Number of protein chains: 2
Amino acid sequence: MRKRYASSTDVARLAGVSQSTVSRTFRGDSRVSPEARNKVMEAAQKLEYRPNLLPRIMLTQQSRLVALVVGKMHNPFYARVLERFTKRLQEMKCQVMLAHVDSDDALDAVVPRLSGYRVDAVVSALSVLTEAAADQLIELGVPVISFNTHMRKKGLYTISSDNAPAGREVARHLIAQGAQRLAYLGGPEFNPANVDRRTGFVEEARAHGFEPVLSNDEFSFEGGARQAVRVFAGPNPPDAAFCGDDLIAIGALDALWHSGRPLADPLRIVGFDDIPQAAWAPYQLSSIQQDEEVMIDHALRILDDWYAEAEMPEYLNLLVPGKMVIRRSSVSGIQFPGSHC
Amino acid sequence: MRKRYASSTDVARLAGVSQSTVSRTFRGDSRVSPEARNKVMEAAQKLEYRPNLLPRIMLTQQSRLVALVVGKMHNPFYARVLERFTKRLQEMKCQVMLAHVDSDDALDAVVPRLSGYRVDAVVSALSVLTEAAADQLIELGVPVISFNTHMRKKGLYTISSDNAPAGREVARHLIAQGAQRLAYLGGPEFNPANVDRRTGFVEEARAHGFEPVLSNDEFSFEGGARQAVRVFAGPNPPDAAFCGDDLIAIGALDALWHSGRPLADPLRIVGFDDIPQAAWAPYQLSSIQQDEEVMIDHALRILDDWYAEAEMPEYLNLLVPGKMVIRRSSVSGIQFPGSHC
DNA sequence: TTGTAAGCGTTATCAA
DNA sequence: TTGATAACGCTTACAA
């Protein structure tokens with residue numbers, strides 16, 4: 001049989017005080033005499049007492065547990081968000097309960113547990129939060145904070161990069177650099193972040209008299225590779241592409257690299273997310289940096305308000321501007337191995 | 001005031017049955033009549049009843065909560081382990097409590113919370129688990145499972161790649177490819193994984209009459225960049241290097257790339273971890289693949305045994321063989337842009 | 001098959 | 001400053 005933890009009652013008995021005094025001591029309640037405190041601490045030490053937080057949760061209706069629902073962590077952008085967010089939550093005395101969800105089935109299995117542990121809030125960093133998934137989380141009855149989604153729903157608070165203006169900025173930049181034939185290599189067709197990035201890009205391009213080639217696939221390296229093969233197959237391939245995220249951009253470049261296909265020279269590429277790999281020497285990829293710190297700040301503020309029992313808005317759709325980071329890939333263009341021979 | 005969840009008592013009242021019947025219904029206890037079950041489910045639906053797991057934890061001394069303690073998630077290898085592990089734990093009906101720890105202070109803050117929530121076990125994917133940190137986790141009184149550490153301590157179960165033989169294999173491979181001047185670019189000098197990889201490599205090299213140049217720094221891109229500058233500075237630089245992990249290898253390559261320094265041709269490189277980026281076109285990096293699935297299997301078996309209240313060994317140090325993945329970087333060597341002109 | 005009642009380890013209220 | 005005592009929402013004998 002498993003060894004039981006010592007309880008505050010055990011400590012109280014050994015210290016010769018009441019259980020309430022032990023409780024007060026450990027919560028830092030001022031109304032404890034120094035002598036009592038000493039006796040308690042000594043007994044606690046002897047018994048290796050670890051205060052149990054669970055009864056407190058039941059009594060106060062507050063767990064300080066925040067669920068973080070993630071999908072694909074192979075994207076370094078999400079790994080970074082997860083790391084920072086966890087750190088910040090710990091600083092505000094919350095713990096993260098991680099839930100990995102790669103299908104709606106997985107969500108079915110996980111949601112009852114999240115409610116069972118009485119998480120105070122759910123944060124979704126799922127790249128695609130479908131409407132059904134959002135509903136399921138909202139039914140938990142706790143605030144749902146979601147990154148890079150935008151839906152107007154009671155109980156849903158979204159925080160997104162301002163994708164459309166970023167797309168427009170990329171179009172202007174590529175055109176200013178002298179691009180003639182534009183392309184957009186995107187994520188899943190109806191993914192909201194993808195839609196906004198593409199729309200901004202396409203609209204701005206059209207305003208300048210260009211009609212970009214459009215393509216979509218997964219947000220991933222492989223998705224980029226597949227699209228590159230399709231988009232750059234023709235006789236007069238694009239000489240500039242905006243990619244839905246950096247992994248797509250890098251996957252596309254690698255595919256072109258391998259294909260040995262004749263390409264426009266220079267070929268200019270811009271990605272999105274500004275993952276660390278974008279700065280790596282062979283890519284030197286221009287990208288839109290999402291301001292994760294500000295996005296996380298917003299999320300924490302919403303949580304704070306909720307903990308303070310402040311009046312919460314029914315829903316919220318916050319936009320955070322991205323910042324364009326210009327590197328070689330969109331200026332002098334991609335250097336293929338040996339391309340300058 | 002925060003809205004309270006419905007309790008099983010509320011459901012019982014509405015359904016006109018006893019609270020125990022509600023409890024039995026939700027635990028799938030067979031001793032409930034179909035009529036009772038129906039009434040209960042109906043009432044539960046109406047009240048949006050979500051069973052609370054916390055009292056159960058208190059009663060059964062089992063939370064099915066596993067703490068995952070992570071350090072640097074910017075390493076894609078750890079991100080992948082985290083993702084897989086979380087998924088597998090969910091499949092065995094456990095939830096992950098994530099703890100981000102980047103200093104011993106952070107550990108002090110986090111440990112009392114982990115015990116407070118009564119986690120059943122702690123899994124550490126910290127790249128360096130110092131002895132002090134290990135002790136702190138062990139004092140929680142729950143099993144501690146740690147990756148790529150090796151310490152013999154009661155309550156500590158370690159699972160590591162078998163680093164030394166991997167190092168030896170790399171030495172043999174590079175020598176067989178025709179390398180003349182070997183180098184090892186490593187992680188922190190006393191990190192156990194680093195020590196083993198280096199030792200295996202150096203011993204085998206010496207057995208073949210080679211004396212590698214040694215260097216160390218962080219396990220990171222920047223660490224690799226810094227080491228490359230030092231190691232390849234001399235007049236007769238190494239023509240083959242084994243790197244403590246793939247990020248070091250890639251950082252080193254990028255630094256050399258930028259430096260424009262005259263280098264051995266071919267220059268052969270091998271990394272460790274086989275992160276997805278190792279396969280990217282400009283690098284084509286040979287690497288040692290850690291068999292994470294098997295490592296995770298071991299960890300889950302330990303957990304399973306513990307849940308089954310099986311007799312646990314005092315400690316355990318498991319080794320999992322790595323597998324060498326050979327790519328261009330160690331055969332024809334690294335191609336610098338334009339190097340084949 | 002159902003209900004009663006005693007815990008689990010805290011917090012919070014009220015007297016002392 | 002202390003100690004009783006009633007919750008919190010379940011699980012689990014035990015009785016009916």
Side-chain angles (χ1 to χ4, degrees), chain A residues 1-40 43-44 47-65 112-113 115-120 141, chain B residues 1-40 43-44 47-65 112-113 115-120 141:
Chain A
M1 190 49 194
R2 179 164 297 134
K3 187 185 75 189
R4 285 252 316 283
Y5 284 90
S7 71
S8 57
T9 311
D10 299 331
V11 175
R13 190 167 23 235
L14 182 60
V17 298
S18 72
Q19 183 273 333
S20 327
T21 299
V22 177
S23 174
R24 280 191 278 258
T25 304
F26 275 88
R27 272 175 304 132
D29 193 312
S30 57
R31 309 167 302 179
V32 182
S33 66
E35 308 88 72
R37 160 167 275 113
N38 284 340
K39 284 190 290 185
V40 167
L47 297 175
E48 299 189 302
Y49 170 61
R50 320 259 166 203
N52 187 339
L53 292 177
L54 306 181
R56 188 215 305 265
I57 299 174
M58 292 173 55
L59 292 170
T60 61
Q61 310 288 332
Q62 195 186 101
S63 64
R64 300 205 77 85
L65 240 28
R113 284 196 236 149
S115 67
Y117 290 110
R118 292 298 191 254
V119 300
D120 288 337
Chain B
M1 192 48 196
R2 178 165 299 134
K3 188 184 72 188
R4 284 250 318 280
Y5 284 90
S7 70
S8 56
T9 312
D10 299 332
V11 175
R13 190 165 25 233
L14 182 60
V17 299
S18 74
Q19 183 271 331
S20 343
T21 298
V22 177
S23 173
R24 281 190 277 257
T25 304
F26 276 88
R27 272 173 305 131
D29 193 312
S30 56
R31 310 167 300 180
V32 184
S33 66
E35 309 88 72
R37 160 166 274 113
N38 284 340
K39 284 190 289 185
V40 167
L47 297 174
E48 299 189 302
Y49 170 62
R50 320 260 165 203
N52 187 339
L53 292 177
L54 306 182
R56 190 216 302 267
I57 299 174
M58 292 172 54
L59 259 13
T60 61
Q61 310 289 331
Q62 194 186 104
S63 63
R64 299 206 77 86
L65 241 28
R113 283 195 236 148
S115 65
Y117 290 110
R118 293 297 190 254
V119 299
D120 288 337

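Chain naming here is simple, since letters A, B, ... match the order of the sequence lines and numbering starts at 1 in each. Values below: every heavy atom of this structure, side chains too, minus hydrogens, waters and symmetry copies. Values in this document were obtained by computation on a predicted structure and should not be read as measured data.
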With a 3.5 Å cut-off and heavy atoms only, can you find an N or O donor on one side and an acceptor on the other between the side chain of Arg24(B) and the base of dG3(C)? yes
Indicate yes or no: at least one non-hydrogen side-chain atom of Phe26(B) is less than 4.5 angstrom from one of Tyr49(B). yes
Of the nucleotides dT11(D), dT2(D), dC10(D), which has the atom closest to the Thr60(B) side chain? dT11(D)
Distance check needed: dT11(D) C1' versus Gln19(B) CD, whole Å only. 8 Å
Counting N and O atoms only, with roles assigned by atom type, does the side chain of Asn38(A) sit under 3.5 Å from a partner on the main chain of Glu35(A), one being a donor and the other an acceptor? no
Would you say Ser33(B) places a side-chain N or O within less than 4.0 Å of OP1 or OP2 belonging to dT2(C)? yes
Rounding to a whole Å, what distance do you find between Leu59(A):CG and dT5(D):P? 18 Å
Can you see if the side chain of Arg118(A) gets near the phosphate of dC8(D) - specifically, an N or O under 4.0 Å from OP1 or OP2? no
Checking side-chain polar atoms at under 3.5 Å, does Thr9(B) have a donor or acceptor matched by the opposite partner on Gln19(B)? no
If you check every side-chain atom of Arg27(A), which of dG9(C), dA12(C), dT2(D) has the closest atom? dA12(C)
Is Arg56(A) close enough to dT10(C) that one of its side-chain N or O atoms is under 4.0 Å from OP1 or OP2 there? no
Look at the side-chain N and O atoms of Tyr49(A) and state whether any lies under 4.0 Å from the OP1 or OP2 oxygen of dT10(C). yes
Please report the distance, rounded to the nearest Å, between CD1 in Ile57(A) and C1' in dC10(D). 14 Å
Does Ser18(B) or Met58(B) map to a spot on DNA chain C nearer the 5' end, using the closest nucleotide for each? Ser18(B)
Is the shortest side-chain heavy-atom distance between Pro55(A) and Met58(B) below 4.5 Å? yes
Could you tell me how far apart Asn52(A) (CG) and dG9(D) (P) are, to the nearest whole angstrom? 16 Å
Output the rounded distance in Å from CZ (Phe26(B)) to C1' (dG9(D)). 14 Å
Interatomic distance, Tyr117(A) OH vs dG9(D) C1' [rounded to whole Å]: 16 Å
Counting the atoms with a prime plus P, OP1 and OP2 as sugar-phosphate, which does Arg37(B) contact under 4.0 Å by heavy atoms, base, sugar-phosphate, or nothing? nothing
Ser23(A) side-chain N/O to dT11(C) phosphate OP1/OP2 under 4.0 Å: yes
Do the side chain of Ser20(A) and the base of dA4(D) come within less than 3.5 angstrom through a donor-acceptor pair of N or O atoms? yes
Can you find a side chain N or O atom of Thr21(A) that sits less than 4.0 Å from OP1 or OP2 on dG3(D)? yes
Whole-Å distance, Glu35(B) CD to dT2(C) P, equals 7 Å
Do the non-hydrogen side-chain atoms of Arg24(B) and Arg37(B) ever get within less than 4.5 Å of each other? no
How close or far is atom C1' of dA7(D) from atom OH of Tyr5(B), stated in whole angstroms? 20 Å
